Q: 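First, the structure itself, so that you have it in front of you.
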Amino acid sequence: MSYSTPSYLEELKSTGDFLTLTRNNEFSLEPCAFTLANGTDVTVHDTGIIEFQPAQQTNKDIVLSSAVHGNETAPIEICDQLIKSIITEQLSLKQRVLFIYGNPKSINIGKRFVDENLNRLFNGHHTVEGIASNPERVRAKLLEDVVTDFFARGNQGSERFHYDLHTAIRGSKNEKFAVYPFLHGKPWKKSQLQFLLSCGVNTVLMMKSAATTFSYYSSFVHGADSFTVELGQVKPFGENDMSRFEKTKQTLIALISQESVEYKEFNADDFELFSVYRTINRTCEDFSFPFADDVENFTGFAKGELMATDGQTRYEAEVDGEAIIFPNADVALGQRALLTVIPMQVDSNFI
């Protein structure tokens, strides 16, 4: 495909600042393609979507997304640093990589989303009969199409990966954790847990049902090893202690700049694993939690203790130690307001 030469091209080549370019063009950006001196092909597909193709044969197709929620700034800053390093040739790639800033307008307004939670619109949920479209629904469809195209153009037999990087609204007893999408009976991979551990993530939540998240989409539709990775708590730009993300950054650099990476030998004792116990949706305007806004993810409750109230319905802990994840009383009616989880062990379903 041939592209014109847009006005932003020379500045992008010299600075590598794709984030500022994205923020200055929050709805669309003229595509372009160019080649770095080291032979890496660079393609800007649209605002917030940039692809890198090394000159040599690769064996991994990697998607790194951030800003699916625009106020989750630490992952955006990590990806910004990586993109700049690649374009300015401080970092040489050995693998194909697609970087995505999911929701540019929400970055600019410093909000989780503009009209609708983008991470509830994947796997086809962006187009639902009777529900009006909005920019986030349009964006979800575009991101699905771009990921589909990226994986389709990969080398036959290449491994597929997607790490959707986030930070959580609340603090967490386990600062960094990952969500392993529902695999529909396929086994979980110890190698992926080893990758996460190298990122500084030793807590993993195993989902038990289909979802509308970006990571589930890549896992289910494209067979990618895919995770939602929560790297800490939401903070504004400039307030992140980036040293806390150095393990994650260095592990991602190794993933994209090396032909293969050796991780620490698997040891089940290194991990805290949880499985989803139940999902609590908000169905009434009168929805509330009995705990304070600063109660952390993975806080456990005693059996019989109140966890949420939805109109006249009281949700009480059904087992001792039932713990909360992602509590958010302000979600739209019908959406998930709370996940509860219980500990699990490595078993025969891990390979």
Side-chain angles (χ1 to χ4, degrees), residues 1-3 18 22 27-33 40-54 57-69 75 79 82-83 86 93 95-104 113 116-129 131 133-166 179-184 186 189 192 207 209-229 252 255-256:
M1 183 181 296
S2 61
Y3 294 107
F18 187 62
T22 292
F27 290 112
S28 64
L29 183 65
E30 183 182 355
C32 77
T40 297
D41 290 330
V42 184
T43 305
V44 174
H45 290 285
D46 205 325
T47 190
I49 307 170
I50 189 167
E51 177 184 333
F52 299 95
Q53 169 76 58
Q57 185 89 351
T58 65
N59 59 14
K60 295 182 179 72
D61 300 326
I62 301 162
V63 178
L64 298 177
S65 56
S66 62
V68 167
H69 297 135
C79 291
L82 295 180
I83 292 168
I86 296 167
L93 296 182
Q95 308 296 346
R96 296 177 71 231
V97 190
L98 177 69
F99 285 92
I100 293 173
Y101 295 126
N103 197 342
F113 55 86
E116 193 171 4
N117 186 346
L118 181 60
N119 216 25
R120 299 291 178 271
L121 298 176
F122 292 99
N123 209 38
H125 286 260
H126 45 72
T127 307
V128 179
E129 188 175 352
I131 297 180
S133 186
N134 58 46
E136 268 125 346
R137 287 178 174 265
V138 172
R139 185 71 173 174
K141 174 66 164 61
L142 172 64
L143 297 186
E144 287 186 355
D145 290 346
V146 168
V147 169
T148 295
D149 174 67
F150 175 72
F151 283 140
R153 288 184 287 104
N155 294 318
Q156 187 172 6
S158 285
E159 297 179 276
R160 295 175 174 181
F161 304 93
H162 179 193
Y163 302 110
D164 186 29
L165 307 178
H166 289 253
V179 178
Y180 209 140
F182 179 49
L183 297 184
H184 298 265
K186 292 188 294 185
K189 293 184 179 178
Q192 285 300 293
M207 298 298 288
S209 61
T212 59
T213 61
F214 202 6
S215 62
Y216 174 79
Y217 166 77
S218 296
S219 172
F220 179 63
V221 175
H222 299 295
D225 289 316
S226 184
F227 292 83
T228 302
V229 185
L252 293 175
L255 179 69
I256 64 180

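Since the model is a prediction, treat every value here as computed from it, not as a measurement.
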Q: How far apart are the closest heavy atoms of S28 and D46, and which atoms are they?
A: CA-OD1, 3.4 Å
Q: Give the intermediate values and the outcome of side-chain contact (heavy atoms from CB on, under 4.5 Å) for residues V44 and F18.
A: CA-CA 9 Å; V44 174; F18 187 62; 3.9 Å; yes
Q: Measuring from atom CZ of F52 to atom CD1 of I86, what distance do you get when rounded to the nearest 0.5 angstrom?
A: 4.5 Å
Q: When you measure from the side chain of R137 to the backbone of L121, do you find a donor-acceptor pair of N or O atoms at a distance under 3.5 Å?
A: no
Q: How far apart are the closest heavy atoms of N103 and V68, and which atoms are they?
A: CB-O, 3.9 Å
Q: Could you tell me the separation between the CD1 atom of I256 and the OG1 atom of T58, rounded to the nearest 0.5 Å?
A: 12.5 Å
Q: Does any non-hydrogen side-chain atom of F151 lie less than 4.5 Å from one of V63?
A: yes
Q: Checking side-chain polar atoms at under 3.5 Å, does Q95 have a donor or acceptor matched by the opposite partner on N59?
A: yes
Q: To check you understand the geometry: which heavy-atom pair defines the closest contact between G48 and T22, and what is its length?
A: N-OG1, 3.1 Å
Q: If you define the side chain from C-beta out and look only at heavy atoms, does anything of F161 sit under 4.5 Å from I62?
A: yes
Q: Can you tell me if R96 uses its side chain to pair, donor with acceptor, with the backbone of F150 under 3.5 Å?
A: yes
Q: Examine distances only and state if a side-chain atom of Q53 and a backbone atom of D41 form a donor-acceptor pair shorter than 3.5 Å.
A: no
Q: Between H166, H125, H162, which is the residue that forms a ring-ring contact (aromatic ring centres under 6.0 Å, His included) with F214?
A: H162
Q: On a heavy-atom basis, which atom in D61 and which in S158 lie closest, and how many Å separate them?
A: OD2-CB, 3.5 Å
Q: May I have the step-by-step check of side-chain contact (heavy atoms from CB on, under 4.5 Å) for V147 and S218, ending in yes or no?
A: CA-CA 8 Å; V147 169; S218 296; 4.0 Å; yes
Q: Which pair of heavy atoms, one from G102 and one from R139, lies closest together, and at what distance?
A: O-NE, 2.8 Å
Q: Which value, rounded to the nearest 0.5 Å, describes the distance between D225 atom CG and Q192 atom CD?
A: 4.0 Å
Q: Nearest 0.5 Å, what's the CG-CD1 distance between L64 and I50?
A: 12.5 Å
Q: Would N117 and H69 satisfy side-chain contact (heavy atoms from CB on, under 4.5 Å), going step by step from the backbone distance to the final call?
A: CA-CA 8 Å; N117 186 346; H69 297 135; 2.7 Å; yes
Q: Please identify each residue that fulfils side chain to side chain contact (heavy atoms under 4.5 Å, CB included) with F220, with sequence neighbours left out.
A: N123, H184, Y216
Q: Roughly how far, to the nearest 0.5 Å, is CD of E116 from CD1 of I131?
A: 7.0 Å
Q: I'd like to know if the side chain of T148 pairs up with that of Y217 as donor and acceptor (distance under 3.5 Å, no hydrogens or angles considered).
A: yes
Q: Measuring only between side-chain heavy atoms, which start at C-beta, is D164 closer than 4.5 Å to N119?
A: yes
Q: Would you say the side chain of I49 lies within less than 4.5 Å of the side chain of L143, judging by non-hydrogen atoms?
A: yes
Q: Check whether Y101 reaches the backbone of T47 with its side chain - one donor and one acceptor, N or O, closer than 3.5 Å.
A: no
Q: Report the C-alpha separation of V221 and F122 in whole Å, then their side-chain angles, then the decisive distance to 0.1 Å, and conclude whether the side-chain contact (heavy atoms from CB on, under 4.5 Å) test is met.
A: CA-CA 11 Å; V221 175; F122 292 99; over 6 Å; no
Q: Taking R160 for its side chain and H222 for its backbone only, find out whether a donor-acceptor pair lies under 3.5 Å.
A: yes
Q: How close do P181 and F227 get, heavy atom to heavy atom, and via which atoms?
A: CD-CA, 4.2 Å
Q: Any side-chain donor paired with an acceptor under 3.5 Å for S226 and S219?
A: no
Q: Exactly one of V229, I100, L165 should register a side chain to side chain contact (heavy atoms under 4.5 Å, CB included) with S65. Which one does?
A: I100
